Amino acid sequence: MHEHLNEHLHGAIVPAPFWLILLATLALMLATAPAGSVLLWRRFAYFGDALGHAAMFGVALALAMHLPVIAGVAVVALVVAATVIRMARGGQLAHDALLGTFAHGLLALGLLLAFISLPKGADLHHVLFGDVLHMQPVEAVAIIIGAIIIAVLLWRSWNVLVLGAVSDELAQAEGWPVQRAQMLLLLSAAALLALAAKAAGLLLFASLLIIPAAAARAFARTPEHMALGAVLVALPAVIGGLFIARAFAIPSGPAIVSIAFGFFVLFHLAAWLRRR
Amino acid sequence: MHIPASGNGNGDVLLRLDGVGVRAPSGRWILRDVSFSVKRGEIVTIIGPNGGGKTTTVRTALGIITPTTGTVWRKPGLRIGYTPQKMKPDATLPLSVARFLALGTGAGRADIEAALARTGAQSLLHEQLAHLSGGELQRVLIARAMLRRPDLLVLDEPVQGVDFTGEAQLYDLIRSLREESGCGVLMVSHDLHFVMAGTDHVVCINVHVCCAGTPQAVSEHPEYTGLFGPAAVAHQAAYTHLHDHEHGLKHDPGREE
């Protein structure tokens, strides 16, 4: 049992080559940067965070049923995203209330399930904070393909996403497919969480969505600047984070996020100084 | 219910509401049995007390709200230019006026500058949308509605926050847009002077249609005098402070100027 569990948690004994891991993580950023930007504009910054918490239930379920972790995360994240969209349309509870409830409710259920089904002392650290350097080759390829598909879908709906962020009502009156674009955005975020679970972990996933975009906002004059700026911030964060993590044997997820956060502080400080 | 063919109306119907009712989740009716239509080249204005369902009527006409009863028909392929009543762009989104006007309209820079010049907002081209005042935003929204080359302009209190001289200019602009392009106009307005002088058809809504017809016919209707008071009939009274007026009231002494 223990052995099986470790295989699940750590992946195969032979991880993907470093360049492939780097490529997969960079591909992920091509999709998280625009998705994160739109989430910020729509005041949905906590969406990624909430999904990450709720996905703990998916992880525990997958481990208990001996299924791949990514499958459990994907199913739970997509179901939660779709449920929140539907329930928010009913109007009794707003998005933030629904997200908060699902996040903590499913986190609690996930922890209970893990406590009951996993052996004592099982280490869930990498599920929470990522274990990118132990990524399997097949996982890396899946991430690259998935992230590119999501990035292309988001770019194709870009004008509607931006106009909807200005005013859903205006966009809808003009006849744009607003609800479809919003559904695409939230389901993309859920799919990205499943893809990023290995690279960033459930708890750090949200930071990949929002920190690069928030950093890029400091100098962005157009929506496209902000999304591309977020890619440009994520790039050195990923490359730097992965090299540092490998060289000093420190956790990769926190290393990547810390560098991105450094850019955020630096950019907004510089923008503030320039305004003075 | 019928609409007299007036103004430039040539009978080409763009939008029709038939027995439209909208019920709030609480069960209260916000709108009941509302019917009217807008034709090409016609200016239809919705008036009525605050909370009477004017904006709900507009949002239902646009398909943003699904009616509980009745039907909304829009001419297939209808191009709509819309200025919503409340819009508060978030400063998290970096978006200039120029980019906002180009977004999904296919307008080039020259068209954008010309449209802004006509709404008196040429100086705002490079401003960020989130930094505009209420009146400035209205001018930009009207410019966007123009740039869509609409068959139907839908304007929900288009001059709110605009200063007095600006108001007159914008109303003139709306009239000349109708002349130039022959588009239909559906508007919510609080300006009784414009409603009486510049409108082909008036629909007075207080949950249901109190009265409808030409400005002349509506201003002589007892329900209209009941809602807005005799002062409104005599001249354009400011009636924006009227709330929850009771029906059938012929005269409200509290509201004389």
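The structure displayed is predicted, hence computed values, not measured ones.
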- Message: Are the side chains of B/Met87 and A/Val166 in contact, using a 4.5 Å heavy-atom criterion?
- Response: yes
- Query: What parts of residues 121-133 of chain B touch chain A if we use heavy atoms and a cut-off under 4.5 Å?
  - Reply: B/His126, B/Gln128, B/Leu129
- Note on the structure: Output for pair (A/Thr222 OG1, B/Leu93 CG), nearest 0.5 Å, gives 9.5 Å
- Query: Salt-bridged, B/Arg79 to A/Glu174, with N to O below 4.0 Å?
  - Reply: no
- Query: Which heavy atom of A/Met226 sits nearest a heavy atom of B/Thr92, and at what distance?
  - Reply: SD-O, 3.8 Å
- If you tally heavy-atom pairs under 4.5 Å against chain B, which of A/Val160, A/Leu163, A/Leu40 wins? A/Leu163
- Item | Test item: B/Leu103 and A/Trp158 side chains (from C-beta on) under 4.5 Å apart, heavy atoms | no
- Message: Only pairs of heavy atoms separated by less than 4.5 Å count here; which of A/Arg217, A/Glu224, A/Gln172, A/His225 has the most with chain B?
- Response: A/Arg217
- Task: Please look at B/Ala91 and chain A and tell me whether the side chain, the backbone, both or neither of the residue comes under 4.5 angstrom of a heavy atom of that chain.
- Result: backbone
- About how many Å separate OG of A/Ser167 and CG of B/Asp90, when rounded to the nearest 0.5 Å? 12.0 Å
- Query: Less than 4.5 Å apart, any side-chain heavy atom of A/Trp41 and any of B/Pro94?
  - Reply: yes
- Taking all non-hydrogen atoms of both residues into account, name the closest pair between A/Trp176 and B/Gly104 and its distance. CZ2-O, 3.2 Å
- So do the side chains of A/Leu170 and B/Leu141 get within less than 4.5 Å of each other, counting heavy atoms only? yes
- Message: Between A/Arg42 and chain B, with a heavy-atom cut-off of 4.5 Å, which part of the residue counts as in contact: side chain, backbone, both or neither?
- Response: neither
Please tabulate, for side-chain N and O atoms in residues 256-269 of chain A, each donor-acceptor pair with protein atoms closer than 3.5 Å (sequence neighbours left out).
from	atom 1	to	atom 2	distance (Å)
A/Ser258	OG	A/Pro254	O	2.6
A/His268	NE2	A/Ala214	O	2.7

- Message: Does B/Arg99 have more than 12 heavy atoms from other residues, nucleotides or ligands lying within 6.0 Å of its CZ?
- Response: yes
- Message: Are more than 12 heavy atoms, taken from residues, nucleotides or ligands other than A/Phe219, located less than 6.0 Å from that residue's CZ atom?
- Response: yes
- Message: In the structure I gave you, are the side-chain heavy atoms of A/Glu169 and B/Lys86 within less than 4.5 Å of one another anywhere?
- Response: no
- Item | Residues, nucleotides or ligands: over 12 heavy atoms within 6.0 Å of A/Gln92 CD | no
- Message: Which one wins on heavy-atom pair count under 4.5 Å against chain A: B/Leu62, B/Ile80, B/Ile64?
- Response: B/Ile64
- Note on the structure: Applying a strict 4.5 Å limit to non-hydrogen atoms, the region of B/Leu78 in contact with chain A is neither
